Amino acid sequence: MVPDERGYFGEFGGRFVPEVLIPALEELTEAYRWAKEDPAFQEELHCLSRFWSGRPTPLYEAKRLSELRGGARIYLKREDLLHTGAHKINNALGQGLLAKKIGKKRLVAETGAGQHGVAVAAASALLGLQCVVYMGEEDVYRQAPNVNRMQLLGAEVKAVTSGSKTLKDAINEAIRDWVTNVKSTYYLLGSAVGPHPYPLMVREFQAVIGREAREQVLALRGALPDYVIACVGGGSNAIGIFYPFLNDVQVKLVGVEAGGQGLDSGKHAASLAAGKVGVLHGAKSFVLQNKAGQIQATHSISAGLDYPGVGPEHSYLKNTGRAQYVVVEDSQALQAFMLLSNTEGIIPALEPAHAIAYALNLAGSLEQDQAIVVNLSGRGDKDMEIVSKMLEVKQ
Amino acid sequence: MTHIASVFAGKEHAALIAFITVGYPTLEATLEAVPLLEKCGVDMVELGIPFSDPLADGITIQQASQKALQNGITPAACLEAARLIRQKTDLPLLFMTYYNPVLCYGPDLFCADSFRAGIDGLIVPDLPLEEAGLLEEITCRNNLDLIYLIAPTSPEDRIRQAAQRSRGFIYLVSVTGVTGMRKDLPEGSAGFAARVKRFSDKPLCMGFGISTPQQAALVAGSVDGVIVGSSIVHLMGSQRDWKPAVSEFVCSLKKAIMESGK
C-alpha cells in the first residue's frame with residue numbers, strides 16, 4: 001500500500017516543509033481520513049459531482065481519429081466536458097468541501113494554465129469561501145481568459161513576479177501565504193505534488209476518472225484496454241486515470257511529458273525523462289535541476305505542463321516499471337490539437353493534446369482489435385490565442 | 001560543548017546572530033562583511049546558501065538569493081567562501097540552506113566539506129524532524145551541529161523532540177510566516193520561549209522578522225540569542241558603500257541587546 005504513514009511512495013514523497021506547516025498537514029491528514037470514511041461527506045461530494053460538475057463523463061470512441069492510423073481504437077475519457085472545462089474540478093470540489101468541514105474560511109491556490117484556479121474559484125463561490133489564486137505573471141498573460149473567469153467567480157488573482165514567473169513560482173507564493181496565514185487558510189493544491197497528504201488526497205479525488213473509465217470501457221468492449229494514456233505535468237489527471245488500473249497488470253500505463261522544443265534543446269518540462277531525484281515543494285521526486293541543485297526553468301507550449309517537478313507516485317511508478325513515461329514535443333502536440341479538432345469536432349486543451357499525439361502514433365503500430373484509452377483532461381478554449389499565434393508564425 | 005554552544009555559556013546578555021546571503025550583493029561583500037559584523041559585536045554568523053525556490057523566505061532574501069545565483073554562486077562557491085572567512089574569524093559559522101542543494105551535492109560530502117571549510121553547524125528550514133534523520137546522523141559524524149526550528153504552531157510533543165535533537169541551539173521562529181522585515185512582532189515571544197524552556201535547557205535563539213534595535217531588545221530578555229537577517233541583507237544591497245550603514249545598524253542592535261538586561 002502506498003503511500004505509507006509518512007507519505008512515502010517507495011523512496012518518493014514525504015514532507016519537506018517548514019516546521020510551521022507540519023501541524024497543519026497533520027490536521028489535514030486526519031480530516032482527510034475522516035472524510036474518506038464519512039458517508040455524509042461522500043454523499044455530498046457525489047451529489048455535487050453529479051449535478052454541479054457533470055459527472056460521470058462519457059467515454060467516447062473517436063472513430064474518425066482512429067481511422068487516421070488504421071490501428072487500435074482510441075477512446076477518449078471526456079473530462080473536457082466537465083464544469084469549468086477540465087478534470088481539475090474533481091479535486092477542487094473535494095478539497096473545497098474538506099476545507100469547509102474543518103472550518104477554514106479562506107482558500108489559497110496556485111494555478112498554471114488557469115484551469116485549477118478557475119475550478120477553485122468556482123468551488124469557493126459554491127461553498128461561500130474566500131479565494132485567492134496565485135498565478136505566474138507570464139501565465140496571467142498567456143492564459144488571460146482564465147484570469148477573467150476567476151475574477152468573475154469572485155476570486156482575487158495575484159500575479160507572481162518572482163523566479164520564472166510560472167507555475168513553480170505560483171506554488172512558492174501560495175505556500176508562503178499558507179505559512180503566514182496557516183490558522184485561517186486552507187491551501188488547495190491542484191496537482192498530485194507537494195507534501196503528504198496532498199499526493200494521496202489529489203489521487204483519491206481524481207481516481208473517479210479511472211473508476212468510471214474502467215467500467216465504461218468494460219461495458220463498451222467487454223474487455224480492458226491495452227493502453228491507458230495521459231499527459232503528465234504534476235500528474236493529477238494521469239494518476240487519477242491510472243490508479244484504478246494499477247492492479248490490471250495487462251493494461252499498459254503511459255504518461256506523456258512535455259518535450260517542449262526537444263530534450264536536447266534544454267527547453268522542455270520532462271522531469272521524469274530528464275530530471276534527477278530532488279526535493280521540490282515539499283516532496284522528494286524527480287526534479288529538473290542544474291548541477292548545483294538549483295531548480296531549472298522549464299518550457300512547454302502548454303502552461304499546465306510547464307513544471308520542473310512531478311508527483312512522487314509517478315516517480316514511484318516509473319522506478320517500479322508499472323508505468324512508462326514518454327515525451328511529446330510542442331509541435332507534435334499542436335498537430336494533434338488540430339487533428340482532433342478537425343476529425344472529431346473536439347478542441348482539446350494543449351495539455352492532453354500531448355497524450356493524443358502519442359496515442360495516435362502508438363495506434364498505428366497496434367492491431368484493430370486493440371484499444372487505447374486517452375484521458376482528454378480538458379478543453380482547449382483557453383488555448384485559442386496561443387494556437388493562433390503559433391499557426392501564424394508557421395505560415 | 002560545541003563551538004556554537006560555547007557562545008551562550010555564562011553570557012549575561014543574549015547573543016547577536018547575523019544572517020547574510022553568500023554572494024549578495026557580491027562575493028567580495030560577503031567576505032568583507034563577516035569581519036565587520038564581528039567588529040560590531042556579532043557573536044555568530046549564518047551564511048545563507050542561495051536557492052532558486054526559497055519558500056520560507058520573504059521578498060528581501062528571495063531577491064538576494066536570485067541576485068547571488070545570477071552572480072554564479074553555487075554550494076561549492078559557498079564552501080570556498082566559508083574557508084576564506086574562517087581564516088579571518090573565530091566566530092561560529094553556520095550554513096542556512098534548503099535541502100535540495102545538499103541532496104544534490106551529496107549529504108555526506110557536503111557535511112565533510114562544510115566541516116573542512118570551518119563551518120560549525122547547519123540550519124535547513126525545509127527539513128522537519130521526520131525527514132532529518134539521515135542528515136542528523138551525517139552531521140553528527142562530521143562534528144557539525146544540526147539546528148532544528150520550532151514554530152509557534154508546534155505542539156508539545158514536537159517541541160520536546162526538537163529540543164532533544166537540536167544541537168548547538170534551538171531556533172525559535174518568532175512568527176507564523178516567512179523571513180523578512182516587519183513593523184510589529186507578534187505579542188507573546190516571551191511566552192513562546194517560556195513554553196520551550198519547560199522542555200529544554202539548551203540555548204534558545206529567536207529569528208524571523210526581527211528588524212529593529214527595539215524589537216531585538218524586546219526579544220533579548222527572554223532568549224539566549226537574537227537572529228537578524230533580512231534588514232542586514234537589505235542594507236548590504238541598497239547602497240554601493242554599504243559598510244557604514246551596516247556597521248551603524250548592527251552596532252545599534254548590539255547596544256540595544258546589551259542595554260535590555262536579561
Side-chain angles (χ1 to χ4, degrees), chain A residues 5-8 11 13-27 160-164 168-185 194-196 275-285 287-297 308-309, chain B residues 49-59 62-63 65-66 68-69 72-78 97-106 110 124-133 148-155 157-159 161-162 171-173 175-180 182 208-209:
Chain A
E5 279 287 299
R6 295 171 57 222
Y8 273 88
E11 65 171 299
R15 263 183 195 162
F16 296 83
V17 293
E19 169 69 19
V20 62
L21 294 180
I22 298 283
L25 291 169
E26 285 290 325
E27 179 196 27
V160 175
T161 56
S162 61
S164 61
K168 110 180 149 67
D169 307 283
I171 296 181
N172 288 339
E173 270 319 300
I175 293 177
R176 290 185 188 114
D177 182 314
W178 191 33
V179 166
T180 306
N181 302 298
V182 63
K183 282 178 186 141
S184 66
T185 296
H196 178 61
K276 67 173 212 168
V277 176
V279 165
L280 177 66
H281 296 141
K284 190 186 275 187
S285 194
V287 177
L288 289 169
Q289 53 185 309
N290 70 15
K291 281 184 187 141
Q294 306 297 342
I295 309 307
Q296 248 162 0
Chain B
I49 298 180
F51 181 51
S52 53
D53 295 78
L55 51 77
D57 283 303
I59 189 73
Q62 282 175 44
Q63 287 176 347
S65 302
Q66 213 165 350
L69 291 175
I73 302 299
T74 60
C78 294
T97 177
Y98 287 85
Y99 191 47
N100 197 57
V102 176
L103 195 63
C104 183
Y105 195 97
F110 181 80
V124 189
D126 59 350
L127 202 64
L129 293 159
E130 290 80 354
E131 306 292 351
Y148 284 102
L149 298 94
I150 296 178
T153 54
S154 303
D157 63 311
R158 297 187 65 81
I159 295 179
Q161 263 198 74
Y171 196 132
L172 303 187
V173 178
V175 295
T176 54
V178 294
T179 63
R182 283 177 176 76
F208 279 48

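All heavy atoms count here, side chains included; hydrogens, waters and symmetry mates do not. Note that this is a predicted model, so its numbers are computed, not measured. In what follows, every chain begins at residue 1, and chains take the letters A, B, ... in the order their sequences are listed.
Interface residue B/Q62: only side-chain heavy atoms are found under 4.5 Å from chain A. Contacts of B/P50 with chain A are made by backbone atoms alone, with heavy-atom separations under 4.5 Å and no side-chain atom involved. Only the side chain of A/I22 comes within contact range of chain B, judged by heavy atoms closer than 4.5 Å. Residue A/K291 touches chain B through its backbone alone, counting heavy-atom pairs closer than 4.5 Å. Looking at B/Y99, only its side chain comes within 4.5 Å of chain A, counting heavy atoms on both sides. Of the atoms belonging to B/I59, not a single heavy atom falls under 4.5 Å from chain A. For A/P18, the parts sitting under 4.5 Å from any heavy atom of chain B are the backbone and the side chain alike. Contacts between A/Q296 and chain B at a heavy-atom distance below 4.5 Å are absent for every atom of the residue.
Of the listed residues (B/N100, B/D57, B/T74), the one with the most heavy-atom contacts under 4.5 Å to chain A is B/N100. Chain B forms the most heavy-atom pairs under 4.5 Å with one residue out of A/N181, A/T180, A/I171, A/I175, and that residue is A/T180. Comparing A/V179, A/D177, A/N290, A/V182 by how many heavy-atom pairs each has under 4.5 Å with chain B, the most go to A/V179. Heavy-atom pairs under 4.5 Å with chain B were tallied for A/R15, A/R176, A/E19; the largest tally goes to A/R176.
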Practice prompt. Show your reasoning for whether side chain to side chain donor-acceptor pair (under 3.5 Å) applies to A/S162 and A/D169.
Written response: CA-CA 6 Å; A/S162 61; A/D169 307 283; 4.5 Å; no
Discussion item. Please evaluate residues B/E131 and A/R6 with respect to the criterion salt bridge (charged side-chain N to carboxylate O under 4.0 Å, His left out), reporting the C-alpha separation (whole Å), side-chain torsions for both, the decisive distance (0.1 Å), and the verdict.
Written reply: CA-CA 9 Å; B/E131 306 292 351; A/R6 295 171 57 222; 3.6 Å; yes
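We find that A/E173 and A/K168 are not joined by a salt bridge, their nearest charged nitrogen and carboxylate oxygen being 4.0 Å or further apart.
A 4.5 Å side-chain heavy-atom check between B/D53 and B/Y98 finds every atom pair outside the cut-off. In this structure the side chain of B/V173 never reaches within 4.5 angstrom of the side chain of A/V20, judged on heavy atoms. Looking at A/P308 and A/L280, their side chains come closer than 4.5 Å, going by heavy atoms from C-beta outward.
Between the side chain of A/N172 and the main chain of B/L55, no donor-acceptor pair closer than 3.5 Å is present.
For A/H281, the ring-ring contact (aromatic ring centres under 6.0 Å, His included) criterion is met by A/Y307, not counting sequence neighbours.
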